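Everything quoted here is computed from the prediction, not taken from an experiment. As the structure lists them, so they are numbered: ligands from 1, and atoms in each ligand from 1. For this chain, numbers begin at 1 and follow the sequence in order. Only heavy atoms go into these numbers, but all of them, side chains included; no hydrogens, no water, no symmetry mates.
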Amino acid sequence: MLDVQTALATPVVHRRDAYRPPEWLVPAVSLDFALDPAATRVRARMEVARNAAAGPLRLDGAGQRPLAVLVDGVATDDWRMEGDGLVIPLPGDAHVVETEVEIAPDRNTQLMGLYASGGNLCTQCEAEGFRRITFFPDRPDVLSVYRVRMTAEATRFPILLANGDPVAQGTLDGGRHWAEWHDPFPKPSYLFALVAGDLAANRDSFTTASGREVALAIWVREADLPRTVHALDALKLAMAWDERVYGREYDLDVFNIVAVDDFNFGAMENKGLNIFNSRYILADPDTATDYDYDAIAAVVAHEYFHNWSGDRITCRDWFQLSLKEGFTVYRDQGFSADQGSAAVKRIEDVRGLRAAQFPEDAGPLAHPVRPDSYQEISNFYTATIYNKGAELIRMMAAILGPPGFRAGTDLYFDRHDGQAATCEQFVACMEQAGGVDLDRFRRWYGQAGTPRVSVAVEHREADASAIVRLAQRTLPTPGQPDKLPLVLPLRMKLFGAGTGAALTDERLVLFEESTAEIAFAGVTERPVLSINRGFSAPVIIESDRSAADLAFLSAHDDDPFARYEAMQQLMLDTLVAGAVEGRADHGAVIEAVANTLADMGSQGGGLDPAFVAEAVLLPSESFVGDQIATVDPEAIFRAREALRRDIGRRLDARWRAACTPSDAAYAYTPEGKGTRRLRSVALGYLAASGAPDAAAIAFRQFEGADNMTDRQGALSVLAAGTSELREAALDIFYNRHADNALVLDKWFQTQALSPRDDTGDQVRALSEHPDFTLANPNRARSLVGAFGVNQRAFNAPDGAGYRFLADQLIALDRLNPQTAAKLLPPLARWRRFDEGRAALMRGELERIAGTPGLSKDVFEQASKSLEG
Ligand code: TRP
Ligand code: ZN
């Protein structure tokens, strides 16, 4: 007999190769909601049709029991519960099944299903939240036409929204009213949405290329209306962009967006009714940074683009998640690149990939872009699925070229419209329309880990040629000890070390064996290799290029991304040397930074300030750690601070010039953004230099700023320091913005990211602050999530950081398992640290895994982290 302990601890593992088509389909469903925060009645009327098997109808649920079951209009008690599921034997091939349940949105702290936020009611169904609302085959390959009727108290919930188009509304006795919505597009249950609340709309309209007039609305609290302008502008730009670049038009008469304060993720692409975390909607110059503005436009575009890559064509099963997410991230990256500097956008995206995805791919939670198994699907909304998935699309686009790629997406949208599709079907469309063989490319979908490419260049003066020797290998990942070579599209070019001239045109090399030799002719002087230009493949390049060659490329490469890369590699080599050997020569980095600053264009030519700001920024402490066998957080921190101090001192005059406040009033333009970005970077260097007046200059910027970007930039610098102006600035900031939750998040986050020695203590104290709560995911992430990525503070040698994170995670798990599980990855890095730290981290992981009543979300992450 299985003992209880084992039975509980044995997780159900879902496997990709176990896919079976649905036994029953549900072509149409009508939902009737009697909305009430404490007790909402949900009646579902499903037209069901036998599809693949002879068995009974099985409906997913989550803890409820049906109050009634009717088959073809007749009440029946011929049903049973199997676990959380409702099983109803049905004699024929087509029936009408009705159920009724009662749910309590105001007690829903998981924020999945129907829940209350800020007095309103809203839903989140992806991935498996719909089963918390009503019994249903809650899987993405069951597509239904939805009709939704809602009744609610009219004064508390004057606005009633659902997917699709509004059909009718009216008033009822007893102060209640009703509304009915109909969505003509068949969709899976994870795209269902409703919102009921006291909301006001910023309205606009958009006319599609074929002349459809779409009524747009962004719904928020009345007081927040002025802060919806940027999101609405972004939405219109995204709609036009998708028509122009992908030939995709919107397909309903209305498009609604609702912003809510309590949300597990960024936003959700429910058909015709996107629901957003308010941080990705609300912005004005006084409360949102340029970074926030950019993120808002990217997420608004992302969710809008899902209308085609997600809603019209959805995923057959959750193993195919990257089909919609990787592709949609690629699409939103393209949109953002077209709004400003494409090079800066690429730099930001690669920085993000290296910060989140590379470590994931190198640790115990590594998984392929198309995973083979999962315990809890919510754990697979990862940087690998999203961002590496986008890189796979980018590589196919590079292989096919722009016309071929567009033909491929046209074929995909045409062939699979209305279907639940697979990654394989996407690749097959690319292959057919592009006329290329992607057979070996497909390995990218199944193989985890970041390939490492070693590069050596041989110059043959005798025949003026050069040979580039490439070798690739991917280290083992959990469950995948043996790796195959992957197809790597590598853009490369050679420059003359003496003249700086381009010796060759850029070449796109498809490197797909373990090793390769690439020959270049006409190499009349010693060449310097520029490789993986534009980050054409998501790999780690290991080359023996000298500091001098990297400095040369950082000044002469004609691809801005490659200039940035050369500079980063130079800085990285210097920081690694500093951390490992305790000292390093800073000369080459300082000179490269000086040259980059000098190349900044005043008018017209030259480098733009946004690019310069990115290029002169040192790699993060964790990225330096990723290059070293055993991470020594203190040594890395000291090496980085030493380099920052030297760069600060040696270029003091330039930093002072760059952080001089400008007379120009705030404007959210590429130039304005670039200048502000550089101003805060410069302020950081000035402070790092130890200049006695740095804090005063930062405080002046803090007080004088007419926008949040400058204010928060200065606050971060002050919060990192020890001046008495630090407390003053934190207090002023807090008091000024105490009524704005999104700005208070910044206040918590800035302190959690501080490099000060006492950050651990400060963060623990902040967790007792009256404004701190784990119930709001944004707030939990702004303190605990941010602390987890503060490498030095989190990895304090006594393990206090680990204990704090584990305590918070365990507490949050009781409320919101999904968000709790996302806090865990910093502890999963234990193998990267010395024995002392590793043991402390493992101890916390074991404590987490052994917590009674733990969610399967956290259990999966903790147990995999211990094993891997
Ligand atoms: N599909 C959403 C996106 O655009 C992701 C998402 C929103 C999500 N809410 C969620 C994922 C809740 C898991 C759980 O990326
Ligand atoms: Zn998405």
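Aromatic rings of Phe319 and Tyr19 (six-membered ring for Trp) have centroids beyond the 6.0 Å cut-off, not under it. Separation of the Phe413 and Trp308 ring centroids falls under the 6.0 Å cut-off.
Atoms of ligand 1 found under 4.0 Å from any heavy atom of Gln818 (numbered from 1 in listed order, with element): 12 (C), 14 (C). Taking every non-hydrogen atom of His302 and a distance limit under 4.0 Å, the qualifying atoms of ligand 1 come out as 3 (C), 4 (O), 15 (O). Near Lys324, with a cut-off below 4.0 Å to any heavy atom, the atoms of ligand 1 are 1 (N). Less than 4.0 angstrom separates some heavy atom of Glu269 from each of these atoms of ligand 1: 1 (N), 2 (C), 3 (C), 4 (O). Ligand 1 places these atoms under 4.0 Å from at least one heavy atom of Tyr386: 2 (C), 3 (C), 5 (C), 15 (O). Interface atoms of ligand 1 facing Glu303, defined by a heavy-atom separation under 4.0 Å, are 3 (C), 4 (O).
Asp138 and Ser189 form a side-chain donor-acceptor contact under 3.5 Å, judged by distance and modelled atom types alone. Side-chain N/O atoms of Asp262 and Asn776 include a donor and acceptor closer than 3.5 Å. In this model, a donor atom of one side chain and an acceptor atom of the other lie less than 3.5 Å apart for Thr819 and Asn264. If you check the side chains of His302 and Glu269, you find no donor sitting under 3.5 Å from an acceptor.
The residue among Glu128, Glu126, Met112, Gln124 with a heavy atom at the shortest distance from atom 9 (N) of ligand 1 is Gln124. For atom 6 (C) of ligand 1, the choice among Phe276, Tyr190, Phe265, Phe305 with the nearest heavy atom turns out to be Phe265.
Both tests hold for Arg331 against Phe327: distance to the six-membered ring centre under 6.0 Å, angle to the ring axis within 45°.
Contact annotation: Glu325 places an N, O or S atom under 2.8 Å from the Zn ion (ligand 2).
Salt bridge annotation for Glu860-Lys856: absent, with no cationic side-chain nitrogen under 4.0 angstrom from a carboxylate oxygen.
Here the N, O or S atom of His306 that is nearest to the Zn ion (ligand 2) is NE2.
The closest approach between any non-hydrogen atom of Ala267 and ligand 1 is below 4.0 Å.
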